[in-house]
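Here is the structure we will look at, set down as structure tokens.
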Amino acid sequence: MEKVNRRIRTRFAPSPTGPLHIGGVRTALYSFLFAKKHGGNFILRIEDTDRNRFVPGAEEYIVESLNWCGIMPDESIIKGGFFAPYRQSERKEIYQRYAEQLIADGHAYYAFDTAEELEALRMKTEREKRVFSYDASVRMNLRNSLCLPPAETEKMLKENVPHVIRLKVPAGETITFTDLVRGEVSFNSDLVDDKVLIKSDGMPTYHLAHLADDIEMQITHAIRGEEWLPSAPAHILIYRFLNKENEMPQYAHLPLLLKPEGNGKLSKRDGDRLGFPVFPLQWKDPKSGEISMGYREQGYYPEAFINMLALLGWNPGTDQEIFTMEDLIRHFSFEHVHKSGARFDPEKAKWFNAQWLHRKPVNELAASLKNQVEKQGWFNAAFDERYFLKAAELLRPRVYFDHEMAESGKYLFCKPTGYDEKVITKKWREPLRSFFQVLADETLANIESFTAEQVEQTFKSLAEKHQQKTGDVMPLLRVFITGAGSGVDLFPMLELLGKTEVIERIRTAIIKI
RNA sequence: GGCCCGUUCGUCUAGGGGUCUAGGACAUCUCCCUUUCACGGAGGAAACACGGGUUCGAUUCCCGUACGGGCUACCA
């Protein structure tokens, strides 16, 4: 009610335990789109409360990935902001304060059970074919401030006996909330365990930390993966116990990204196995040195990557498929977020990239092509700006990726080094030698304006004069010029190469053949 | 196992009681364009998981079943 007029604030809160998975990027994207659509702020917060799982470089990776995608946080560890710091490890006192309030109000308690004790209990219940749950049914038989004499609790706290703080989940309640994607969802509190809020190392768990920060940072919409749905009731309870239910963000649980084939959610392994990236950027594991490929390094445009990701679980309700970030911002809404998991399709990802490639301004492609040609060492002074422009135009519809242009159009920059045997065997006959001789030395040599149209016309009339079918003689011409049986449109290519080069290549070919 | 969430062409999805002979896109197939391979264009094959209700009518609502997914840590 009062949140209706609050400024929209969303956050993406990954933990720096490794590279950001494309599922995570999608969560960030949706959070960003939603905030921007409503003129709000998008915040990047780092949830580094687990010291054991911290991976060096992961934080930088996250920042760089979002940056590459164009998902720009308004507040972050880099940018700062009114609610700084944005790294949870730097906000420890806040969580302590929340935990203490919960204890003071009787909604949380100290627990002294050791990891070993709990492990033993788990083993025991497992043998009885049940699952151990630290909850109302057993908590009074364990070692915590609820059942221990107050004096003993106090003594242990004073002596710094390792302990955690747990949420005291009431029994027999139905917890209901409205999810932006799924509608009304309800849980029985009997099945919610007494979640650890503060770990024995003094760090908060996700459950407390994300929630405290969402309150502190005035987050209005908490968008996260479906894997969080089962712990949502615990989170609702904490808001309630804190008397902050009216400040609780709206939760949206996104469907998961599934493997292209087989069962389960998309994982790092799938990428390696099926040969497509599952990470936006290349990642080198600092421990093993193992390298995982990234969309950026594979040659994907960030626009295409984002476009593809946005449509995996969301749709505009129309037939439009190609979206700029601005389009996405304009059209995004949770009503059109699908409820079930989406199987990732690497083929369609490529298609999206081709679509974006086909829409790029040619001069951009030309510049990139020039770069590739230089890198290959194929450059020479005859290739001016116009040349690259034309070449890019010819090459563009034949590739999925920008970086494929030079290689697939090598013959536009280098003379052929051999001739496709298949075409030669099929089409070459000795009498044709004189035809090509005349073509090179007379017909082409005499053309004053060497345009595609002119060349095509004179070539075809020469063929007719020699009683040759164009279908026989054109493939040969192509092979003589490019060395290959297929490639870009023949006559525009001849125009591009220019009279001298074309004549020279034909002469060379009929000598070598 | 328990709990929660889900289930429309192979894949991403539209639709949400009658307009559904279920629409689009990727992939696939055919044809057209073309010297070729693409691009582009035209067309084809291809789906409402199953069983019960509710209803005059169910792909759409309800309940079961099956299947899929997630969670079940002092990880997020």
Side-chain angles (χ1 to χ4, degrees), chain A residues 13-17 24 47-50 52-53 88 111 113-115 118-119 122 126 129-134 162-166 179 181-182 185-188 190-193 195-207 209-210 224-233 253 255-256 258 260-261 263-265 308 311-322 336 338-352 354-355 358 394-400 408 420 423 427 469-479 482 484-491:
Chain A
S15 62
T17 53
E47 307 220 341
D48 57 348
T49 53
D50 186 353
N52 302 322
R53 295 211 305 156
Q88 289 187 331
D113 319 86
T114 65
L118 292 175
E119 186 52 32
R122 270 194 195 96
E126 200 175 315
K129 300 260 188 235
R130 291 183 302 114
V131 175
F132 175 76
S133 174
Y134 204 122
H163 62 275
V164 302
I165 296 175
R166 281 182 185 271
D179 184 272
V181 174
R182 281 145 222 288
V185 183
S186 50
F187 295 83
N188 183 339
D190 290 340
L191 281 325
V192 179
D193 66 339
K195 298 230 178 304
V196 170
L197 266 19
I198 301 276
K199 298 182 267 189
S200 55
D201 66 358
M203 281 296 225
T205 59
Y206 170 84
H207 305 294
H210 95 274
R224 58 179 17 171
E226 195 187 3
E227 70 267 28
W228 291 109
L229 200 48
S231 53
H253 290 95
L256 267 16
L258 273 20
E261 49 187 59
N263 302 328
K265 62 174 174 178
M308 177 266 306
L311 262 354
L312 226 47
W314 170 83
N315 74 82
T318 67
D319 285 347
Q320 187 179 346
E321 296 230 70
I322 305 303
H336 283 284
H338 219 245
K339 289 187 182 69
S340 51
R343 220 176 260 277
F344 176 75
D345 181 3
E347 279 305 312
K348 195 145 187 183
K350 280 174 69 182
W351 178 79
F352 273 111
Q355 291 303 309
H358 297 163
L394 289 172
L395 258 10
R396 186 224 301 259
R398 334 179 54 78
V399 294
Y400 281 100
S408 95
D420 187 325
V423 180
K427 300 287 186 188
K469 281 188 286 185
T470 49
D472 286 332
V473 104
M474 269 176 80
L476 282 170
L477 179 57
R478 170 184 292 285
V479 171
T482 70
S486 73
V488 303
D489 283 347
L490 182 55
F491 295 108

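Letters go in sequence order (proteins before strands), and every chain restarts at 1.
Summary of the strand contacts: A:Asp489 and A:His338 both lie near RNA chain B, and taking for each the nucleotide with the nearest heavy atom, the more 5' one is attributed to A:His338. Annotation: of the two residues near RNA chain B, A:Tyr134 and A:Gly471, the 5′-most nearest-nucleotide partner is A:Gly471.
Within the nucleic acid shown, A:Lys339 comes within 4.0 Å of sugar-phosphate atoms alone, with no base atom in reach, counting heavy atoms only. Here A:Asp113 lies in heavy-atom contact (under 4.0 Å) with a base. Nucleic acid contact for A:Val196: sugar-phosphate only, since backbone atoms but no base atoms lie under 4.0 Å from a heavy atom of the residue. Residue contacts shown for A:Tyr206 include a base, since a base heavy atom lies under 4.0 Å away. Note on A:Gly225: nothing from the nucleic acid sits closer than 4.0 angstrom, heavy atoms only. Contact annotation for A:Arg396: no contact, since no heavy-atom pair falls under 4.0 Å across all strands. Looking at heavy-atom distances under 4.0 Å, A:His207 makes no contact with the nucleic acid at all. Base engagement by A:Ala115 is indicated by at least one non-hydrogen atom pair under 4.0 Å involving a base atom. Base contact: A:Ser486 has a heavy atom under 4.0 Å from a base atom. Using a 4.0 Å heavy-atom distance criterion, A:Ser200 is classed as a base contact.
For the pair A:Glu226 CD and B:C4 C1', the computed distance is 9 Å after rounding to whole Å. Residue A:Leu229 contributes atom CG, which lies 15 Å from atom P of B:C3 at whole-angstrom precision. As a whole-Å value, the separation of A:Leu490 CG from B:A38 P is 17 Å. Rounded to whole Å, the distance from CZ on A:Phe352 to C1' on B:A27 is 13 Å.
You'll find a donor-acceptor pair under 3.5 Å spanning the side chain of A:Lys348 and the base of B:A25, going by distance alone. In terms of polar N and O atoms assigned as donor or acceptor, the side chain of A:Arg182 never comes within less than 3.5 Å of the base of B:C5 in a complementary pairing. Applying the 3.5 Å distance criterion, the base of B:U11 shares no donor-acceptor pair with the side chain of A:Arg343.
Remark: B:C26 base-pairs with B:G10; criterion is Watson-Crick or G-U wobble with both hydrogen-bond distances under 3.5 Å. As the counterpart of B:U59, no nucleotide is assigned, since no Watson-Crick or G-U wobble pattern has both distances under 3.5 Å. B:G68: Watson-Crick or G-U partner is B:C5, with both key distances under 3.5 Å. Nucleotide B:C39: unpaired (no Watson-Crick or G-U wobble partner with both distances less than 3.5 Å). Across all strands shown, B:A45 forms no Watson-Crick or G-U wobble pair with both distances under 3.5 Å.
Closest approach to the A:Trp351 side chain among B:C4, B:A25, B:C39 is made by B:A25 (side chain taken as heavy atoms from C-beta onward). Which of B:U35, B:U13, B:C3 sits closest to the side chain of A:Asn315 comes down to B:U13. Considering only side-chain atoms of A:Arg478, the nucleotide from B:U35, B:C39, B:C26 that sits closest is B:U35. Minimum atom distance to the side chain of A:Ala342 is reached by B:U13, of the listed B:C4, B:U13, B:A76. Considering only the side chain of A:Asp345, B:C26 comes nearest among B:C3, B:C26, B:G1.
Put simply, A:Lys199 has a side-chain N or O that comes within less than 4.0 Å of OP1 or OP2 on B:C75. Phosphate contact (OP1/OP2 of B:C75, side-chain N/O of A:Thr49, threshold under 4.0 Å): absent. OP1 or OP2 of B:C71 sits under 4.0 Å from a side-chain N or O of A:Lys265. For B:G2, the OP1/OP2 oxygens have no side-chain nitrogen or oxygen of A:Arg130 closer than 4.0 Å.
Using a 30° and 60° split on the angle between ring planes, A:Tyr134 and A:Phe132 fall in the perpendicular class, above 60°. Ring planes of A:Trp228 and A:His207: perpendicular class, angle over 60° (limits at 30 and 60°).
Of the possible polar contacts, one joining the A:Lys199 side chain to the A:Thr49 backbone as a donor-acceptor pair under 3.5 Å is found. Remark: the backbone N or O of A:Val196 is paired with a side-chain donor or acceptor of A:Thr205 at under 3.5 angstrom.
The pair A:Lys348-A:Asp345 does not meet the salt-bridge criterion, since no charged nitrogen lies less than 4.0 angstrom from a carboxylate oxygen.
Taking a 6.0 Å sphere around CD of A:Glu126, one finds it holds 12 or fewer heavy atoms contributed by other residues, nucleotides or ligands.
The nearest pair of heavy atoms linking A:Val181 to A:His338 is CG1-O, 4.0 Å.
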